[in-house]
Structure formats: C-alpha cells, structure tokens
Amino acid sequence: MSTVTNGNAVDAAPVRPMVKAEAVRKSFGSTEVLKGIDLEVAPREVMCVVGPSGSGKSTFLRCVNHLEKIDSGRLSVDGRLVGYREKGGKLHELKESEVAAQRRDIGMVFQRFNLFPHMTALENVTEAPVQVKGLKKDACRDLGAALLERVGLGNRIHSYPNQLSGGQQQRVAIARALAMEPKLMLFDEPTSALDPELVGEVLDVMRGLAESGMTMLVVTHEMGFAREVGDTLVFMDDGAVVEAGSPKQVLTDPQHERTRAFLSKVL
C-alpha cells in the first residue's frame, strides 16, 4: 500500500492484524476439533463466524484467549502470541499469571451470563477493574455507571441478576467485559440463551460497539446481524473454514456446496 506525500509515493506500513491464526489445530482426545484454521481479523473489523453445531466455532473463540490450549499452529492478538512465547524457534507456554495479564485486553461474552448473583449490576461491572487492575472503587463506580448507561441499563445499576431479564443480564455481561477496556471483544453466541423478544436489545448494543470501532469476533446464528453489521462472514464446518468473504457475497452467492446446504436451512 502506498500513500502520497508532497507528490511523492511513500510506502505505508502494513496494518497489523488484531487476530491472526495460522494452521491452528486442537483435539479433544482422539477427536480433532480444529483442523488447521487460518484467519485474520483486522483492527476495527467485525468478523462473524457461522456454522452447524460441533463445527469448532466456539472452540476456536476460546483458543483466542487461551481458555483452550491449541495443539499446534500459532495464534496471536495484536502481534503477540497468545499463551506462549517463542524462544530458540520453539513455543513455551506462559505462566497462568502471564496469560491472565494477556486476557485483560480481550473481552469475552459467553452464551450464559455468568454474573455473580450476590452482586448488583454495578458491582458485577466494577469487580474486575478493582481486583485485577487495582483501580479505586470510586472511580470504578463512575466507569461502571457510564458503561451500564451505554448498554441501556442506567436505571438498573443497583438491581441484582435475579431481578433482571435474560437480555438485561447479557447487557450487564457486555458492560462487564468493556470495563477492562479491551482492544478485542469475543462473543460466543451471545443471544442463543435468550427468549426471541430479548434478542434485539443485545444485538443493538453489539451494533453500537461495532459502530464505535471495536474489533469484534462473533460466533452467531443471527444471520440478519451478520449481514448488517459484519465486515466478514466465515462459514466453518467439521473443524475447518469452508468459505469466507463479505456477508453479502457469502449469503447471496456462496461458492461451496456445503455452504449452500447450510444456508438453505437457516435463511
């Protein structure tokens, strides 16, 4: 890529991927779940990953922040290997404390909300910045209140999880992830546990995050969201990337028979 300065062409530095997976493999026992995944997510990109159950989507997402250890290949976030350091041409696993430090930059929202039931919405959001980053509680309360306002729950900061709907709890979970000021957000089917009428409120929050420039890797079955918000749509099946491209191209003109068969059942 080149830019022009004072009439002279200047080579621009290549943009470093926020996520880069190279030949990533993962097995559980004798079952190979990821069969050499190659993917790149650019900064500010929203990549949506779709596919049938058991295709390896969620496992790949969990590998991105080292909740699952890869068996081979390389996986990096913002130019740094995830869970490993390279020395002498070999990969050496980091200490758990070092992995935890890496995870501070990666927010993750799961299918289940995993909120602390004995804490209010505000306390759930502020717990990690206080305990992990060592920030003062007063400053975190202001941050937490602002984040809950951002996800449309400014009037529920003192509510406990059992006083909130599923959609509201998931929005608290998103605010909790954002409280660590991540550079990357991972979403693992964040609406799959919700009643249909609550799905929209969570997708609206995610849409707002995308518009703000957050880099997002989203495992989802919400094809409308993928079409509208995603920059890239990836179809996975049987542990491999079958097809990837713009959502419009993949959804309207899929190139592979397996993609066409899957989409015929979900669209």
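Computed from a predicted model, the values in this text were never measured in an experiment. In what follows, every heavy atom counts, from backbone to side chain, and hydrogens, waters and symmetry copies are set aside.
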request  = Return yes if some donor-acceptor pair links the side-chain N/O of Lys26 with the main-chain N/O of Lys69 below 3.5 Å, else return no.
outcome  = yes

task = Using a strict 4.0 Å threshold on nitrogen-to-oxygen distance, state whether Arg207 and Glu228 make a salt bridge.
result = yes

task = Answer yes or no: is there a donor N or O on one side and an acceptor on the other, between the side chain of Ser27 and the main chain of Gly29, under 3.5 Å?
result = no

task = Quick one: closest heavy-atom pair of Ala175 and Leu148, and the distance?
result = CB-CD2, 4.1 Å

inquiry  = As an exercise, state the distance from CG of Leu147 to CD1 of Ile174, rounded to the nearest 0.5 Å.
reply    = 11.5 Å

query = So, for Met185 and Ala177, which heavy atoms are closest and what is the spacing to 0.1 Å?
reply = CE-CB, 3.8 Å

ask   = Does Arg156 have any salt bridge (charged side-chain N to carboxylate O under 4.0 Å, His left out) partners at least two apart in sequence or in another chain, and if so, which?
value = none

message = I'd like to know whether Leu39 forms a side chain to side chain contact (heavy atoms under 4.5 Å, CB included) with Phe60, so could you lay out the CA-CA distance, the side-chain angles of the two residues, the decisive distance to 0.1 Å, and finally the verdict.
response = CA-CA 10 Å; Leu39 279 178; Phe60 175 68; 3.8 Å; yes

task = Verify, without hydrogens or angle tests, whether Asp188 (side chain) and Ser58 (backbone) share a donor-acceptor contact under 3.5 angstrom.
result = no

key: Spatial distance of atom CG (Leu122) from atom CG (Asn124) [nearest 0.5 Å]   = 9.5 Å

request  = Search all heavy atoms of Val64 against all heavy atoms of Leu217 and return the closest pair with its distance.
outcome  = CG2-CD2, 4.2 Å

inquiry  = Between Glu257 and Arg260, does any side-chain N to carboxylate O distance fall below 4.0 Å?
reply    = yes

ask   = Got Val218 and Met47 here, is their nearest side-chain heavy-atom distance under 4.5 Å?
value = no

task = Return yes if some donor-acceptor pair links the side-chain N/O of Asn65 with the main-chain N/O of Ile106 below 3.5 Å, else return no.
result = no

inquiry  = Once rounded to the nearest 0.5 Å, what's the spacing between atom CZ of Arg74 and atom CG of Leu91?
reply    = 5.5 Å

message = So does Leu194 get a backbone contact from the side chain of Thr191, meaning a donor-acceptor N/O pair under 3.5 Å?
response = no

remark   = Shortest non-hydrogen pair, Thr126 vs Gly144, comes out as CG2-CA, 4.1 Å

remark   = Distance col, row Glu243:CD vs Met236:CE, nearest 0.5 angstrom, shows 14.0 Å

inquiry  = Return the CG to OH distance between Asn162 and Tyr160, rounded to the nearest 0.5 Å.
reply    = 9.5 Å

message = Quick check against the 3.5 Å criterion: does Thr59 have a side-chain atom that pairs as donor or acceptor with the backbone of Gly56?
response = no

request  = List the steps and the verdict of side chain to side chain contact (heavy atoms under 4.5 Å, CB included) for Val49 and Phe235.
outcome  = CA-CA 6 Å; Val49 183; Phe235 171 63; over 6 Å; no

Evaluation steps, salt bridge (charged side-chain N to carboxylate O under 4.0 Å, His left out), between Arg103 and Glu96 = CA-CA 10 Å; Arg103 289 196 187 114; Glu96 182 55 38; 3.2 Å; yes

inquiry  = In the structure I gave you, are the side-chain heavy atoms of Val41 and Thr215 within less than 4.5 Å of one another anywhere?
reply    = yes

Residues Glu93 and Arg85 bridged, charged N to O under 4.0 Å = no

query = Has His158 got more than 12 heavy atoms of other residues, nucleotides or ligands less than 6.0 Å from its NE2?
reply = no

ask   = Does the ring center of Tyr84 lie less than 6.0 Å from the ring center of His66?
value = yes

query = Taking all atoms of both residues into account, what is the closest heavy-atom pair of Gly107 and Pro182, and its distance?
reply = N-CB, 3.5 Å

key: Intermediate values then yes/no, side chain to side chain contact (heavy atoms under 4.5 Å, CB included), Leu67 and Met108   = CA-CA 11 Å; Leu67 288 175; Met108 186 158 185; 3.9 Å; yes

ask   = Are any side-chain N or O atoms of Glu40 and backbone N or O atoms of Ala21, one a donor and one an acceptor, separated by less than 3.5 Å?
value = no

inquiry  = Quick check: do Lys35 and Arg25 have side-chain heavy atoms less than 4.5 Å from each other?
reply    = yes

task = Run the salt-bridge test on Asp237 and Arg258 with the 4.0 Å N-O cut-off and return the result as yes or no.
result = yes

query = Where do Val234 and Cys48 land on the side chain to side chain contact (heavy atoms under 4.5 Å, CB included) test, with the steps shown first?
reply = CA-CA 6 Å; Val234 173; Cys48 295; over 6 Å; no

Polar side-chain atom of Lys57 near backbone of Val50 as donor-acceptor pair, under 3.5 Å = no

query = Any Lys/Arg nitrogen of Glu123 or Arg141 sitting under 4.0 Å from an Asp/Glu carboxylate oxygen of the other?
reply = no

ask   = Could you give the distance from OG1 (Thr252) to CD (Gln249), rounded to the nearest 0.5 Å?
value = 7.0 Å

key: Audit row: Glu181, Arg104, salt bridge (charged side-chain N to carboxylate O under 4.0 Å, His left out) steps and yes/no   = CA-CA 8 Å; Glu181 299 182 318; Arg104 296 176 191 175; over 6 Å; no

message = Could you check whether Arg176 pairs with Glu127 (Lys NZ or Arg NE/NH1/NH2 to Asp/Glu carboxylate O, under 4.0 Å)?
response = no

request  = Hydrophobic side-chain clustering at under 4.5 Å (ILVMFWY, transitive links): who's grouped with Leu94? Put none if nobody.
outcome  = Val99

query = For the side chain of Gln168 and the backbone of Ser165, is there at least one donor-acceptor N/O pair under 3.5 Å apart?
reply = yes

note = In short, Ala210 meets Met216 closest at the heavy-atom pair N-SD, 3.6 Å

